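Quick notes on the structure that follows.
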There are 2 protein chains.
Amino acid sequence: MKEPDPSSPLTLKDIARQAGVSLATVDRVLHNRPGVRPDTVRRVREAIERNSFQPHVAAAELARSRARRFAFVMPSGPNLFMMQIQSYLGEMAGWLSARRLAVEVIATDVFDPSVLAASLESLIGGDYDGVAVVALDHPSVRAAVNDLVDAGTKVVTLVSDVPSSRRNHYIGIDNIAAGRTAGALVGRLVGPRSGKVAIVAGSQGLRDHAERIFGFNQVISSEFSNLEVLPVLEGRDEDERSEQMLSRLFGKHPDIVGLYNAGAGTQGVAKALGDSGCEKQVVFVGHDVTVLTRKLLLQGVMDAAISQNPGHEARAAVRVLLSLARGEPILIEQEKIRIDIVMRDNLP
Amino acid sequence: MKEPDPSSPLTLKDIARQAGVSLATVDRVLHNRPGVRPDTVRRVREAIERNSFQPHVAAAELARSRARRFAFVMPSGPNLFMMQIQSYLGEMAGWLSARRLAVEVIATDVFDPSVLAASLESLIGGDYDGVAVVALDHPSVRAAVNDLVDAGTKVVTLVSDVPSSRRNHYIGIDNIAAGRTAGALVGRLVGPRSGKVAIVAGSQGLRDHAERIFGFNQVISSEFSNLEVLPVLEGRDEDERSEQMLSRLFGKHPDIVGLYNAGAGTQGVAKALGDSGCEKQVVFVGHDVTVLTRKLLLQGVMDAAISQNPGHEARAAVRVLLSLARGEPILIEQEKIRIDIVMRDNLP
DNA sequence: CTGTTAGCGCTTTCAA
DNA sequence: TTGAAAGCGCTAACAG
């Protein structure tokens with residue numbers, strides 16, 4: 001068995017010597033560059049295999065000596081979760097500059113497909129090595145993503161995906177599974193009581209929200225026959241609107257026992273819940289750990305938050321873009337974003 | 001404000017020129033090496049500050065050109081969780097050798113303090129740059145850890161800590177909080193019913209198990225007065241023993257509604273639960289996601305698993321050892337291990 | 001198709 | 001106390 005020689009002080013030169021060729025040729029083979037006779041390729045490959053040779057990344061990086069530029073296209077609104085991602089990007093400043101990496105955050109109205117698409121198109125030729133984008137699943141956005149990819153820019157979608165595009169990677173959670181998790185929590189925590197469940201979302205037009213609700217309903221309807229799901233309220237992620245709609249709903253249905261907030265606007269949702277006077281009887285599950293949801297969890301108003309680690313997402317996006325740009329393999333396991341269940345006692 | 005110049009193509013040479021000194025002097029200042037006049041130090045420091053200069057890690061790494069050796073001291077038994085950590089270390093092979101890093105796994109009886117201590121002592125002078133150890137909190141182990149640290153080796157404790165030692169870092173969860181989380185889950189999922197709760201642990205002598213149980217009791221006794229905690233069963237993480245003890249307990253107490261397994265031996269615990277015939281009425285919470293607990297979660301036998309991501313722990317341990325060895329700052333946020341709540345729908 | 005060679009930005013002797 | 005210079009292992013021109 002070929003053991004990856006632990007103390008491998010092997011270098012390109014050693015491989016070159018073993019294969020009876022020059023440094024440059026080994027380099028060509030290593031990077032699948034053209035202009036090498038098939039037979040030579042084979043000899044070099046063999047030498048590489050035989051020694052399970054791994055080129056020294058630091059040396060490669062240094063020799064390439066190219067600064068990389070990445071753009072992060074993010075929503076311009078005051079979304080707490082998105083601001084957390086940006087803040088974690090900020091914390092990486094030192095790490096980034098020690099690697100000669102620059103990331104620029106570009107704020108855009110990601111909820112308007114044409115604006116977002118235009119924003120992306122404008123990056124073409126902007127000399128970016130990679131772009132991370134909180135995407136909206138819409139044909140024009142998909143086209144813009146594909147154009148970027150065709151222009152040679154690496155693209156990762158962040159938090160919200162455009163699966164039909166040719167983006168190189170998606171950094172975010174499986175939102176259907178997240179919705180299912182929320183559903184299971186509401187169902188289990190409500191217990192044997194029967195009653196109605198209210199759902200608030202930003203908009204069902206947003207792919208992630210729609211998927212969460214889909215997963216939620218799936219679980220409730222198949223496993224918790226004691227619960228009846230009420231029609232989704234679309235609060236547009238706005239506090240006031242969410243509050244008004246939900247208050248009205250509480251007025252109409254005194255037998256609400258569960259509440260699922262699939263989007264933002266948590267402030268308003270919590271307000272409506274508080275005003276309804278059934279804070280303690282209603283199981284309330286929402287998304288993301290922010291200063292607000294943290295407080296609600298500690299107060300016992302909120303029972304659980306489904307969350308995706310914003311710091312992890314920020315770092316994973318950068319690392320993946322970097323690996324893609326360098327043509328290095330990605331540690332999928334490391335870059336996978338988990339669905340976290342956060343309750344009072346395991347608040348991060 | 002000093003903005004970290006994004007396109008910073010600044011090098012040591014630039015700083016040297018600005019400060020009116022040579023490369024070597026800047027390097028000395030950068031690494032706090034002696035032999036530089038205080039005044040010169042100041043000038044250089046200023047130039048560095050002024051440009052918020054960050055040395056290029058790849059260049060530094062290459063120039064240093066030193067292979068690093070790390071040792072992972074892990075339990076020799078057939079513990080699924082520990083095997084997962086080792087397997088993730090294995091997956092990093094390519095990543096490691098591309099950075100000229102070697103990690104060796106050393107299996108030891110970590111449950112015997114003297115054996116573990118001896119094992120650690122034997123690493124002194126073994127030319128290791130860093131050691132990760134699944135530690136047992138015992139005076140002789142503490143001494144061994146301190147000896148290693150004194151010998152210049154960086155030490156991180158993994159999964160199980162020795163807080164009183166001078167280990168450089170702990171990679172693992174807060175076990176009290178983990179126990180609290182388990183308690184809250186059991187309490188919430190049991191609902192309004194009253195009854196008894198059984199606890200199984202490997203040994204209360206193990207710090208992590210003891211802490212989990214402490215946290216668990218804390219929550220149950222203060223918030224779930226409908227539940228009565230039974231004396232802890234010590235199953236030594238062995239399937240058979242755990243099964244026997246638990247079966248006996250089920251026989252004695254027909255009103256058990258909750259079950260918390262703070263350690264391993266899950267196979268036996270599940271068996272006893274199944275045989276008792278109250279699989280469906282008893283809320284069962286345990287630790288770690290393994291092939292076994294995954295199956296139990298899917299079957300609905302287990303309701304939740306409190307878990308610490310073994311892949312993350314493996315990678316974090318390596319990264320932290322590396323940063324410590326290089327004297328680079330650690331991204332604490334990135335290396336912090338979270339307490340994951342895993343239920344059927346958010347299984348990783 | 002293949003080889004030679006000049007760096008990349010830092011570290012580390014060795015002199016001064 | 002300081003500086004000059006020789007690499008570290010790889011990449012990318014440029015020659016052949």
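The figures that follow rest on heavy atoms only: side chains count, while hydrogens, waters and symmetry mates do not. Note that this is a predicted model, so its numbers are computed, not measured. Here is the naming used below: chain letters follow the sequence lines, and residue numbers restart at 1 for every chain.
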Check ion pair A:Arg45-A:Glu49 (N to O, under 4.0 angstrom): no
So does B:His31 get a side-chain nitrogen or oxygen closer than 4.0 Å to the phosphate oxygens (OP1/OP2) of C:dT11? yes
Send over the distance from B:Arg99 CZ to D:dC10 P, rounded to a whole Å. 14 Å
Would you call B:Phe72 and B:Met82 a side-chain contact if the rule is heavy atoms closer than 4.5 Å? no
CZ of B:Arg100 versus C1' of D:dG9: gap in Å, rounded? 8 Å
Is there a side-chain contact between B:Val289 and B:Phe81 (heavy atoms, below 4.5 Å)? no
What protein N or O atoms touch nucleotides 12-15 of chain C N or O atoms at under 3.5 angstrom, if any, and at what distances?
none

B:Val41 or A:Ala59, whichever maps to the more 5' nucleotide of DNA chain D: B:Val41
Counting only side-chain N and O atoms of B:Ser22, is one of them less than 4.0 Å from OP1 or OP2 of D:dA4? no
Ion pair B:Arg338/A:Asp340, N-O distance below 4.0 Å: yes
Rounded to whole Å, CG of A:Leu12 lies from P of D:dC8 at a distance of 14 Å
Hey, does the side chain of B:Thr40 come within less than 4.0 Å of D:dT2's phosphate (OP1/OP2), counting only N and O? yes
Can you give each donor-acceptor pair under 3.5 Å made by side-chain atoms of residues 144-155 of chain B, sequence neighbours left out, with the distance rounded to 0.1 Å?
from: B:Asn146; atom 1: OD1; to: B:Arg166; atom 2: N; distance (Å): 2.7
from: B:Asp150; atom 1: OD1; to: B:Arg166; atom 2: NH2; distance (Å): 2.4
from: B:Asp150; atom 1: OD2; to: B:Arg166; atom 2: NH2; distance (Å): 3.1

From CG of A:Asn32 across to P of D:dT11 the rounded distance in Å is 12 Å
Under-4.0 Å side-chain N/O to phosphate OP1/OP2 contact, B:Thr25 with D:dT2: no
So, OP1 or OP2 of D:dG7: does either fall under 4.0 Å of a side-chain N or O from B:Ser65? no
In whole angstrom, what separates A:Glu61's CD from C:dC10's P? 13 Å
For the student: nearest non-hydrogen atoms of A:Gly94 and B:Gln54, plus distance: CA-NE2, 3.4 Å
Separation of C:dC1 atom P from A:Asp39 atom CG, nearest Å, is 12 Å
Using whole Å, report how far CZ of B:Arg43 lies from P of D:dT1. 14 Å
Expressed as a whole number of angstroms, how long is the span from B:Leu62:CG to D:dT11:P? 11 Å
Under 4.0 Å between a side-chain nitrogen and a carboxylate oxygen: does that hold for B:Glu61 and B:Arg326? yes
Minimal heavy-atom distance between A:Leu321 and A:Gly130, with the atoms involved, is CD2-CA, 4.0 Å
Just N and O in the side chain of A:Arg17: are any of them under 4.0 Å from OP1 or OP2 of C:dG3? no
Could you identify which residues of residues 319-328 of chain A place a heavy atom less than 4.0 Å from some atom of DNA chain C, listed by residue number, or say none? none
Rounded to the nearest 0.5 Å, the CG atom of A:Leu324 sits from the CG atom of A:Asp129 at a distance of 11.0 Å
Would you say the side-chain atoms of B:Glu104 and B:Tyr128 include a donor-acceptor pair closer than 3.5 Å? yes
